[in-house]
Amino acid sequence: MAVPVSYNVRNLIVRKTTTIMTALGIALTVAVLLSVMGLVNGLDSALASTGDPLNIMVLRRGSTAELTSVVSRQQYQDIRALPGIARDATGEPLVSLEMVTVIQLASVDAPDGINVNIRGLTQTGIDLRHGLTIQSGGRWFQQGRNEVVVGASIAKRFPAAKLGNTLRFGRSNWKVVGVMDAGQSATNSEIFGDLNLVSADYNRLDFPSSALVRATDAVSAAALVNAIKTDQRLNLDAISERAYYDKQSVSAAPIKFLGGFVAIIMAVGSSFAAMNTMFAAVSRRSKEIGTLRVLGFSRSSILLSFFIESVLLAAFGGLIGCLLVLPLNGLTTGIGNFVTFSETSFALRISPLIMLAGLGFAMLLGALGGFFPARNAATKQILVALREV
Amino acid sequence: MSETKLSESSEVVIRTNKLTKEFIRDEFHVIALKDVNIEIHRGEFVALMGPSGSGKSTLLHLIAAMDKSTGGEIEVLGENLNRLSDTQIAHWRNVHVGFVFQQFNLIPVLTALENVELPLKLTNLKKAERLEHATTALKLVGLGDRLGHFPRQLSGGQEQRVAIARAIVTDPQLILADEPTGNLDAQSADDVLTMLSRLNKEYSKTVVMVTHDPHAAKFATRVRHLEKGELLPEGVTTTA
Ligand SMILES: Nc1ncnc2c1ncn2[C@@H]1O[C@H](COP(=O)(O)OP(=O)(O)O)[C@@H](O)[C@H]1O
Ligand SMILES: [Mg+2]
């Protein structure tokens, strides 16, 4: 079917102001939607990339988070004796006893302080976390020294936690000797220190928080989880590290909900704005519609033509929306976690796929807003259309 | 009556039988056209005259299938217009009919060339061919140097000549014009009438033109008069 698309495009260009105003409404809607999607995407990937499927987190029975968990050194020794645990080069079982607590740290956008996870651990704990790197200029903390390494997002967002600075927590001063990169993982929002010193500072030398265990393979991992859970003597809970962080991503739900809600309201609004613009266009161009019909364009050509005009208008808005949020890409922000009571930093991630979704959403708005005006244009009687001014 | 004999021997382009058009709105109804019988042959230039409201435009609209009759028969170029679907009519009009309006009705956002190209978008012609045809049509109406001009940059006479180019670009057999000189000064009106006459004589197009201007009617080969919706017998004129 022949559609005079250049005619529609030309009209959009000629009516610059109306086009831009309507497109802006759609752009803002798309921008809100994309920000929410980017936020959720960033948060999801922060949580999803934390955790190795072979790593098992061991907590006190009944604990849902490391902060409320206690695992004793005695229990740690018992865990080490379980079968199915991977071993390091020297033949030692890969089990990391860890101490987790929170401290208040003043951040750029919260001078009063935000909860940040402190994790005391040994070299084994560092080895169990793949892809951890120290940024140049720094190094790992040394055993027996009051030194810490901070996650990359911590270093970026908390002025007090810069490389070379000293943090005060527990009963000591801790020198920041390194900044660690953990990709998108939640480790970026943690501070690492020596297990013995950190747990001693909180009087929990013999009763730290959790153990991280590496299974030899997927089958052993499942068996290990089961073995630990059912061992009455151990009295511990086990969960795969991946599952643990997945469970915590429920805290993204309120953002999803609120963002989605706002986006839907805006979508309804901007779709009506598009409809209004298109109705005005149809009525203003009534005589042109009649003329096109006399030239031989069919009703369906006219319908499609105005429909396409509306979708193009909305796509333009969607494009502006994408451009509006692009500078936000990679912007680091934090979210309080209701399970761990601490903050997880993550980067807003506007992926090409998300932008495509935004563009598609905009076009959907244009389609919804354009349908009735287009139908109105197509159902006009030629003579009636020609007579209108 | 040798002229009638000649007409009868040539091909009939338009034939109506008791063609009637009633407009009914609430209790108010108008008979715009009543039992009109007319035959127009290939190569004729017919002027439809009559006072305002006599049904001239209504008849032209029915010939162009822009509206449906409420009674009688109408056959144009061998097609019974009452039997065609909306889509078929659209296609038929694109191929066979060029329409010229009193108000020119050019698309304001398109250039002269683009306006003339528009009906060709419904054909299988490629872009380059469409532009070539449109350029040729504009040259024919003497506007070869105004291709890129927008309607607002043209005079009324030039606009109407662009409209004529648009009407002939698909090479239709039938050209219909509703008061094509109604909005023009005397000189431009003569240009437009000369052009229609040339299309009729040199390109053997059948032209039906509505006018109430006796001077314009002089360009036609035959004049028919309408009064109160009725077609007066051949040769009978109204006072208007
Ligand atoms: N859509 C319409 N509704 C009602 N009456 C109409 C309509 N169109 C035309 N008429 C009436 O039909 C008659 C003929 O109109 P028209 O053909 O436009 O006259 P002309 O072109 O000769 O001036 C007039 O009385 C006019 O008022
Ligand atoms: Mg009229």
Side-chain angles (χ1 to χ4, degrees), chain A residues 1-20 277-278 280-306 308-310 312-313 374-389, chain B residues 21 23 25 32 57-58 60-62 64-68 84-111 113-125 127 130 150-152 163 166-170 172 176-178:
Chain A
M1 189 186 316
V3 175
V5 177
S6 52
Y7 159 73
N8 299 99
V9 172
R10 195 65 62 78
N11 268 293
L12 287 175
I13 296 169
V14 169
R15 290 176 296 122
K16 269 192 240 56
T17 318
T18 320
T19 300
I20 290 172
T277 301
M278 289 312 295
V282 166
S283 107
R284 179 164 3 86
R285 277 143 63 191
S286 183
K287 198 163 133 187
E288 296 170 30
I289 293 167
T291 305
L292 288 171
R293 293 281 306 282
V294 172
L295 295 182
F297 288 92
S298 65
R299 287 185 191 277
S300 31
S301 281
I302 300 290
L303 180 103
L304 203 60
S305 151
F306 278 86
I308 287 175
E309 181 169 328
S310 181
L312 283 178
L313 169 64
R375 204 184 59 168
N376 181 270
T379 50
K380 277 181 199 288
Q381 298 285 332
I382 296 182
L383 292 181
V384 175
L386 284 173
R387 221 179 296 120
E388 282 172 24
V389 247
Chain B
K21 176 70 183 179
F23 290 104
R25 202 175 287 156
S57 295
T58 302
L60 204 66
H61 294 154
L62 291 181
M66 286 156 63
D67 205 357
K68 294 250 191 232
L84 294 183
S85 75
D86 249 22
T87 320
Q88 287 171 319
I89 285 173
H91 178 71
W92 174 84
R93 206 186 287 119
N94 178 250
V95 175
H96 299 291
V97 182
F99 203 97
V100 180
F101 303 88
Q102 179 176 356
Q103 320 270 4
F104 327 133
N105 286 17
L106 296 179
I107 306 291
V109 296
L110 299 181
T111 62
L113 186 65
E114 289 163 336
N115 264 286
V116 177
E117 183 206 354
L118 214 43
L120 293 176
K121 292 207 167 184
L122 292 162
T123 66
N124 292 326
L125 294 178
K127 179 82 180 168
R130 295 202 301 260
F150 287 94
R152 67 186 138 76
R166 181 177 67 180
I168 60 170
V169 75
T170 54
L176 305 176
D178 194 350

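Chain naming here is simple, since letters A, B, ... match the order of the sequence lines and numbering starts at 1 in each.
Taking Leu386(A), Leu292(A), Ile13(A), Val3(A) one by one and counting their heavy-atom pairs under 4.5 Å with chain B, the maximum is reached by Leu386(A). Between chain A and the residues Met66(B), His91(B), Lys121(B), the most heavy-atom pairs under 4.5 angstrom are made by Met66(B). Ranked by non-hydrogen atom pairs under 4.5 Å with chain A, the options Ala65(B), Pro108(B), Ala64(B) are led by Pro108(B). By number of non-hydrogen pairs under 4.5 angstrom with chain A, the leading residue of Ile107(B), Asn94(B), Val109(B) is Val109(B).
The heavy-atom pair separating Phe306(A) from Met278(A) by the smallest distance is O-CE, 3.4 Å. Across every non-hydrogen atom of Arg10(A) and Thr111(B), the tightest pair is NH1-N, 4.4 Å. The minimum heavy-atom distance linking Pro151(B) with Leu106(B) is given by the pair CG-CB, 3.9 Å. Summarising the geometry of Asn115(B) relative to Leu110(B), their closest heavy-atom pair is ND2-O, 3.0 Å, with the distance given to 0.1 Å.
Looking at Asn105(B), both its backbone and its side chain come within 4.5 Å of chain A, counting heavy atoms on both sides. Proximity to chain A (any heavy atom under 4.5 Å) is restricted, for Phe150(B), to the side chain, taken from C-beta onward. Arg293(A) touches chain B through backbone and side chain together, each having a heavy atom under 4.5 Å away. The parts of Val294(A) that come within reach of chain B are both its backbone and its side chain, each placing non-hydrogen atoms under 4.5 angstrom from that chain.
Between Glu388(A) and Lys380(A) the shortest side-chain heavy-atom distance falls below 4.5 Å.
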Take Phe297(A) and Ile289(A) through the side chain to side chain contact (heavy atoms under 4.5 Å, CB included) test and state the conclusion after the steps.
-> CA-CA 9 Å; Phe297(A) 288 92; Ile289(A) 293 167; over 6 Å; no
